[in-house]
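Every chain is numbered from 1, with letters handed out A, B, ... down the list of sequences. Keep in mind that this is a model prediction, so the values were computed, not measured.
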Amino acid sequence: MLFKVLVEHSMRLRGVSSRNGKIGIIKEFLRKLTAKEAVIGVNYISGRIRQGKLNIAWKGLAELSGNVVERARSPSLVQVDRFIEQADAARGQEKIKVLKPLFAQLSKEEREYFVSLIIGEVQQGAGEGLVKMAVTDFFGLSNEEMERAYLQKPDVAELFSLLLRRGKRAIGSLGIRILSPVKPMLAQIAKSLDDVYLENDEFALEHKLDGIRIQIHRQGDVVKIFSRHLKDITSHFPELVQNAKKLPVNRFILDGEAIGVDDRRRPVPFQVLARRTTRKKDIDKIRHQVPVVPQYFDVLCADDEDLTGKAYAERVRILHDIVRKKTYLTAQKKPIGKNDAVGFYEQSLRRGNEGVVVKLLESEYRPGKRGKSWFKIKGTHTIDCVILAAEWGHGRRRGLLSNLHLGVLDETRTKYLMVGKTFKGLTDKMLQWLTDNLPRHKVHEDRWTVFVKPVIVVEVAFNEVQKSPKYESGVALRFARVKGIREDKSAVEINTMVDLEKMTKVSLRG
DNA sequence: TGGCTCTGTCC
DNA sequence: CTTTTGT
DNA sequence: ACAAAAGGGACAGAGCCA
């Protein structure tokens, strides 16, 4: 297949809004793929490359896009893949050099598509999710069959290739397997405990810890740890590997959270733990500076038995049999009445955790699903901020002022200090209002940003304050989102750094 | 060597 | 990670 | 219910340059 055929299908996807329409287009595309192109093509139509990330993105590719078009003659998918393969192997500027001859062959549309593919921002209203549905449909599989196959091989491109070569029977025997990562189950957001209480009776609560999701596999002496996005992070956490090897069961898959702890075993801020997320050098040093402890909360597999179909309550019993040590288990409780539940939630927050997760006792483990059996409830703060600037949006927000720079008053109430940005929580209507009204207060602007006099007030929710190395205030709001535009409030009435310090009980500044 | 920019990976 | 929008 | 697309923050590592 020629690269331009792929680009044509992507354009068509962009032009269709219905999901069934998109699936139809993807199926047409799949039909045109040869066995050799299968993995490459399915990755591309999902908006990804099989090599993952190249360490070049929009900045690095920008200079290539500027090049003069010579003679566009669309390369094949396999040829494109070979260029990417070379770029992946190269270092530094060499990566760009390697791609130059490819760019010389590409038309304008193909270049733009290629860039979006490399940086992972193909915007066609279809991603791996829809491609998965299309593949299911293409081979006449039931959803169950696909889900079971996806359990063992959470990679649609690989599955498509397998099905193309060997047919349906190739996935018949697939299922959960130790040392092969499984998409972790996710929790749905709930506003409060009341929401959950209205609908469900039979559940337990767990402390929600602010750490890194870990899935630990053990097969005898071999231990592997996978992240939420199924990256192999085994080498980052040697203490967790050791811990897993000491457990009295030889073969298992455990689900949990790795948390950083201080010398009194209290959780450290996520920011501190983050030092270990991509750390490669001096692991021996960092593991003592920021020690990590596992907090397991589920088991997917024990002694080669797949437990995902068993009830949560039963799985937890099995988990507690494997991990005897209480300090390595996530605090859990079956509340007796609502007051009890609220007490547990507040206790969790007092201990420096994010909140609680509510889990239905009878629920199965549904890999990769954000189902209606796990609900997370996180502690939230709300303040009033002033808008200091707004950046022009992209994609469906093109032409609208979108990303807001937020400020609060300093302790003397004379100066506004920036504490972060947000684009979340804004409805189309609010975006339009901001675009209509903010420019009236413009002080100056550049290509991306309109800076305004601090007059428009917004109510902002956030979960935590972080120490910021880049903002003058020394502080950044974590997960900031707009709750509403406060046309009734003036900029002198907004919150201050002191308010922030009080409500989060974190000492800001130094 | 130290500082800068860019990138990827956690949340 | 959170939120809105659309099917 | 599900998928996609709007983009936020901190960190470490890779490269580059003075």
Exercise. So, A:R481 versus A:N463: side-chain donor-acceptor pair below 3.5 Å or not?
Worked result: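 The criterion, which ignores hydrogens and geometry beyond distance, is satisfied for A:N463 and A:R481.
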For this session: Can you tell me the distance, in whole Å, between the CD1 atom of A:I286 and the P atom of D:dA12?
Result: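 After rounding, the gap between these two atoms is 7 Å.
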Exercise. Could you state the CG-P distance from A:L186 to D:dC2, rounded to the nearest angstrom?
Worked result: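 Nearest whole value for this atom pair: 11 Å.
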Exercise. Rounding to a whole Å, what distance do you find between A:E121:CD and D:dG7:C1'?
Worked result: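 After rounding, the reported distance stands at 9 Å.
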For this session: Starting at atom NZ of A:K53, determine the distance to atom C1' of D:dA12, rounded to an integer number of angstrom.
Result: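 Distance check: A:K53 NZ to D:dA12 C1' gives 16 Å.
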For this session: For A:R276 and A:P238, work out which heavy atoms get closest and say how close.
Result: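 A:R276 and A:P238 have their closest heavy atoms at NH2-CD, 3.9 Å.
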Exercise. Between A:S18 and A:F479, which is nearer to the 5' end of DNA chain C once each is assigned its nearest nucleotide?
Worked result: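 The residue mapped nearer the 5' terminus is A:F479.
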Exercise. Distance check: side-chain N/O of A:R478 vs OP1/OP2 of C:dT2, anything under 4.0 Å?
Worked result: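 No, outside the criterion.
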Problem set entry | Side-chain-base donor-acceptor pair under 3.5 Å for A:R276 and D:dC11 |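 No pair found.
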Exercise. Mind checking the P distance from B:dC11 to D:dG7? Whole angstroms is fine.
Worked result: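 The same atom, P, in both gives a distance of 22 Å.
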Exercise. Does A:T278 make a side-chain N or O approach to OP1 or OP2 of D:dG13 shorter than 4.0 Å?
Worked result: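 No.
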Exercise. Are A:K359 and A:F297 in a cation-pi contact, defined as NZ or CZ under 6.0 Å from the six-membered ring centre and within 45° of the axis?
Worked result: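 Yes, a cation-pi geometry holds between A:K359 and A:F297.
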For this session: Could you list where the contact with chain A starts and ends along DNA chain B, reading 5' to 3', using a 4.0 Å heavy-atom cut-off?
Result: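 Result: B:dC6 to B:dC11.
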Problem set entry | Contact under 4.0 Å: A:S468 side-chain N or O vs D:dA10 OP1/OP2 |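 For D:dA10, OP1/OP2 do have a side-chain N/O of A:S468 under 4.0 Å.
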For this session: Would you tell me if any nitrogen or oxygen in the side chain of A:R91 comes within less than 4.0 Å of OP1 or OP2 on D:dG15?
Result: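 So the side chain of A:R91 is within the cut-off, an N or O lying under 4.0 Å from OP1 or OP2 of D:dG15.
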Exercise. Can a side chain N or O of A:K376 be found less than 4.0 Å away from OP1 or OP2 on C:dC1?
Worked result: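 For C:dC1, OP1 or OP2 has a side-chain N or O of A:K376 closer than 4.0 Å.
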For this session: Whole angstrom is fine here: how far is it from NZ in A:K22 over to P in C:dG6?
Result: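 To the nearest whole Å, that distance equals 13 Å.
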Exercise. Under 4.0 angstrom, heavy atoms only, what part of the nucleic acid is A:T422 near: base, sugar-phosphate, or nothing?
Worked result: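 The residue A:T422 makes no contact with any strand.
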Problem set entry | Six-ring centre of A:Y150, A:K132 cation under 6.0 angstrom, axis tolerance 45° |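 Judged by the rule (NZ or CZ under 6.0 Å from the ring centre, within 45° of its axis), A:K132 counts as positioned above A:Y150.
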Exercise. Is the shortest side-chain N to carboxylate O distance from A:R478 to A:E464 below 4.0 Å?
Worked result: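 Looking at A:E464 together with A:R478, the answer is yes, because their closest N to O distance falls below 4.0 Å.
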For this session: Run the ring-centre check on A:F203 versus A:Y312 and record whether the distance is less than 6.0 Å.
Result: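 Ring centroids of A:F203 and A:Y312 are no less than 6.0 Å from each other.
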Exercise. How is A:G52 classified with respect to the nucleic acid when contacts are heavy atoms under 4.0 Å: base, sugar-phosphate, or nothing?
Worked result: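 Nothing: the residue A:G52, judged by heavy atoms under 4.0 Å, touches no strand.
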Problem set entry | Minimal non-hydrogen separation, A:W374 against A:L186, with atom names |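 Scanning both residues, the minimum pair turns out to be CB-O, 4.0 Å.
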Problem set entry | Side-chain N or O of A:K424 closer than 4.0 Å to phosphate OP1/OP2 of C:dT4 |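 False: A:K424 side-chain N/O out of range (4.0 Å or more) of C:dT4 OP1/OP2.
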Exercise. Are A:Q271 and D:dC11 close enough that a side-chain N or O sits under 4.0 Å from OP1 or OP2?
Worked result: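 For A:Q271, the contact criterion (side-chain N or O under 4.0 Å from OP1 or OP2 of D:dC11) is met.
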Exercise. Heavy atoms under 4.0 Å, any strand shown: does A:D428 hit a base, just sugar-phosphate, or nothing?
Worked result: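 Counting heavy atoms under 4.0 Å across all strands, the contact made by A:D428 is with sugar-phosphate only.
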